[in-house]
Trainee: 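Below you will find the structure I want to go over with you.
Scope of the values below: all heavy atoms of this structure, side chains included, with no hydrogens, waters or symmetry mates. Proteins get letters first, then strands, A, B, ... in listed order; numbering begins at 1 in each.
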There are 2 protein chains.
Amino acid sequence: MPIKSTHTKKAGTPFKRTPQRLAILDFLEGNTSHPSADDIYRSVSKKYQSMSFATVYNTLNTLAKAGAVREITIDPKRKHYDPDTSGHHHLICVACERIFDVPEGISVELPGDMAGDFIVTGSHIEFYGYCPSCGKKKKKA
Amino acid sequence: MPIKSTHTKKAGTPFKRTPQRLAILDFLEGNTSHPSADDIYRSVSKKYQSMSFATVYNTLNTLAKAGAVREITIDPKRKHYDPDTSGHHHLICVACERIFDVPEGISVELPGDMAGDFIVTGSHIEFYGYCPSCGKKKKKA
DNA sequence: ATAAATGCAAAGCATTTGCAGTAAA
DNA sequence: TTTACTGCAAATGCTTTGCATTTAT
């Protein structure tokens, strides 16, 4: 199911398919780089020179509410966006700050004594560390 | 080892014990509410009316570097701080936004095919859901 | 036709920084 | 006495918002 369709399976909020939104969706589709709003703006505004920051943010918020993209809060400096809304985790490289996908392994659960009192609607593992290329540089230094 | 000592086991960076810092450490010690910088400022400035925001931030950054407090990035709006630097996880209530501790259960690991390429220095599970009191309200609504 | 989206500029917060004065060591 | 910290205010950076105009439906 492409996220460009007017309706989504999940939240089902319909939204207008404007050229700007399609351009953002186009950039996002299949993108595994976990871009920030600024990354998206810089890339998409090359082709749509009229694109504004407000539109990028409005679109991302709309898509997030519709369940078409996922907001990632692993980086304290800014939000990142992921078109892959399936359950998976992330690793952020503490050197270059790039974010990498980590496939979902064993599912994460609350300890038994909390499970009765809390309702869990989602979970996410953040890994901190060094990516392959920064790991190499580190050893040399 | 109390975090008020001039040196910490971990990073070992010494720092001056000023009254402002002692007041912040005093507020933090044993605190499980995961306060934001603003929460800390509001509480500590009641007793130390000269306390400034810059000092709160400077102190928190110093303590974080020294390994005496942990920055929590579960809330996209602001950072939260945790004096408990032992390995544990968190749940944020999507209704009231309060953060709760989740004890560390099984340790989290990268899948085998990534483990050889990445160096993991830390990990953290974020749970999203409803706390007991917001869960009750939700059912009634 | 009508409800919603765009784009601009301004506003809003959280956080950082420069710097002169002050205090811990 | 020297080095580091405080406090203020200004600055920065990310994100949101108000509003007049434009556009998808």
Side-chain angles (χ1 to χ4, degrees), chain A residues 4-8 11-27 34-66 68-69 71-81 97 99, chain B residues 4-8 11-27 34-66 68-69 71-81 97 99:
Chain A
K4 287 187 207 171
S5 62
T6 346
H7 292 72
T8 56
T13 313
F15 49 84
K16 286 190 184 176
R17 290 176 299 109
T18 65
Q20 294 87 342
R21 287 181 174 177
L22 291 175
I24 291 173
L25 286 167
D26 212 50
F27 174 69
H34 309 90
S36 65
D38 189 67
D39 294 331
I40 295 167
Y41 172 76
R42 286 206 315 273
S43 175
V44 174
S45 61
K46 282 178 195 162
K47 301 216 166 180
Y48 282 77
Q49 82 279 47
S50 74
M51 175 73 57
S52 77
F53 251 105
T55 297
V56 172
Y57 278 108
N58 286 339
T59 298
L60 289 170
N61 288 338
T62 298
L63 294 176
K65 271 179 203 144
V69 302
E71 280 185 13
I72 302 175
T73 61
I74 200 172
D75 177 356
K77 295 202 193 74
R78 59 187 81 53
K79 289 182 191 168
H80 293 260
Y81 296 88
E97 297 187 348
I99 297 171
Chain B
K4 287 187 210 170
S5 62
T6 347
H7 294 71
T8 57
T13 314
F15 49 84
K16 285 189 184 177
R17 291 178 298 109
T18 66
Q20 293 88 338
R21 289 181 172 177
L22 292 175
I24 291 173
L25 286 167
D26 211 51
F27 174 69
H34 309 90
S36 65
D38 188 68
D39 294 333
I40 295 167
Y41 172 76
R42 286 208 313 275
S43 175
V44 174
S45 61
K46 281 176 194 161
K47 301 214 165 179
Y48 281 75
Q49 82 281 45
S50 74
M51 175 73 56
S52 76
F53 252 105
T55 296
V56 172
Y57 279 109
N58 286 339
T59 298
L60 289 170
N61 289 338
T62 298
L63 294 176
K65 272 178 203 144
V69 302
E71 281 185 12
I72 302 174
T73 61
I74 200 172
D75 176 355
K77 295 205 193 73
R78 64 194 114 261
K79 289 183 192 168
H80 292 260
Y81 295 88
E97 297 186 347
I99 297 171

Trainee: A:Ile99 and A:His34: which non-hydrogen atoms are nearest, and at how many Å?
Mentor: O-ND1, 3.1 Å

Trainee: For A:Thr62, which contact category applies under a 4.0 Å heavy-atom criterion: base, sugar-phosphate, or nothing?
Mentor: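 No contact at all - A:Thr62 keeps every heavy atom at 4.0 Å or more from the nucleic acid.
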
Trainee: Counting side-chain heavy atoms from C-beta on, which of D:dA24, C:dT6, D:dC5 comes nearest to A:Lys16?
Mentor: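 Of the candidates, D:dA24 comes closest.
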
Trainee: I want to verify a distance call: between D:dT25, C:dG7, D:dT6, whose nearest atom is closest to the A:Ser50 side chain?
Mentor: C:dG7

Trainee: Whole angstrom is fine here: how far is it from OH in A:Tyr57 over to C1' in C:dG12?
Mentor: 13 Å

Trainee: Base, sugar-phosphate, or nothing for B:Pro19, non-hydrogen atoms under 4.0 angstrom?
Mentor: sugar-phosphate

Trainee: Base, sugar-phosphate or nothing for A:Asn58? Non-hydrogen atoms, less than 4.0 Å.
Mentor: base

Trainee: Among A:Arg78, A:Lys79, A:Lys65, which one satisfies salt bridge (Lys or Arg N to Asp or Glu O under 4.0 Å) with A:Glu71?
Mentor: A:Lys79

Trainee: Under a 4.5 Å cut-off applied to non-hydrogen side-chain atoms, are B:Val44 and B:Val56 in contact?
Mentor: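 No. Closest side-chain heavy atoms not under 4.5 Å.
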
Trainee: Would you indicate which nucleotide in D:dC8, D:dT15, D:dC5 comes nearest to any side-chain atom of B:Ser52?
Mentor: D:dC8

Trainee: Please tell me which of the listed nucleotides, C:dG7, C:dA5, D:dC8, lies nearest to the side chain of A:Thr18?
Mentor: C:dA5

Trainee: Taking 4.0 Å as the cut-off, does a side-chain nitrogen or oxygen of B:Arg17 come that near to OP1 or OP2 on C:dA24?
Mentor: no

Trainee: Would you check if A:Asp26 and A:Lys47 make a side-chain contact, meaning some heavy-atom pair closer than 4.5 Å?
Mentor: no

Trainee: Ignoring backbone atoms, establish whether B:Gln20 has a side-chain N or O less than 4.0 Å from OP1 or OP2 of C:dA23.
Mentor: no

Trainee: Rounded to the Å, how far apart are A:Tyr48 OH and C:dC8 P?
Mentor: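 Atom-to-atom, A:Tyr48 to C:dC8, this comes out as 16 Å.
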
Trainee: Between the base of C:dT15 and the side chain of B:Lys79, is one N or O donor paired with an acceptor at under 3.5 angstrom?
Mentor: no

Trainee: Establish, with yes or no, whether the OP1 or OP2 oxygen of C:dC13 is under 4.0 angstrom from a side-chain nitrogen or oxygen of B:Arg78.
Mentor: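 B:Arg78 to C:dC13 OP1/OP2: no side-chain N or O under 4.0 Å.
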
Trainee: Under 3.5 Å, is there a donor-acceptor pair between the A:Ser36 and A:Asp39 side chains?
Mentor: yes

Trainee: Please state how far atom CG in A:Leu60 lies from atom C1' in D:dT17, giving the value in whole angstrom units.
Mentor: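 Rounded to whole Å, this separation is 16 Å.
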
Trainee: When the distance from CG of A:Asn61 to C1' of C:dA4 is rounded to whole Å, what number comes out?
Mentor: 16 Å

Trainee: Rounded to the nearest angstrom, tell me the gap between atom OH in A:Tyr41 and atom P in C:dT6.
Mentor: 14 Å

Trainee: Taking atom P of C:dT15 as reference, at what distance in whole Å does atom CG of A:Asp75 sit?
Mentor: 13 Å

Trainee: Measure the distance from CZ on A:Phe53 to P on D:dT17 and round it to the nearest whole Å.
Mentor: 16 Å

Trainee: Rounding to a whole Å, what distance do you find between B:His80:NE2 and C:dC13:P?
Mentor: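 Rounded to whole Å, this separation is 16 Å.
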
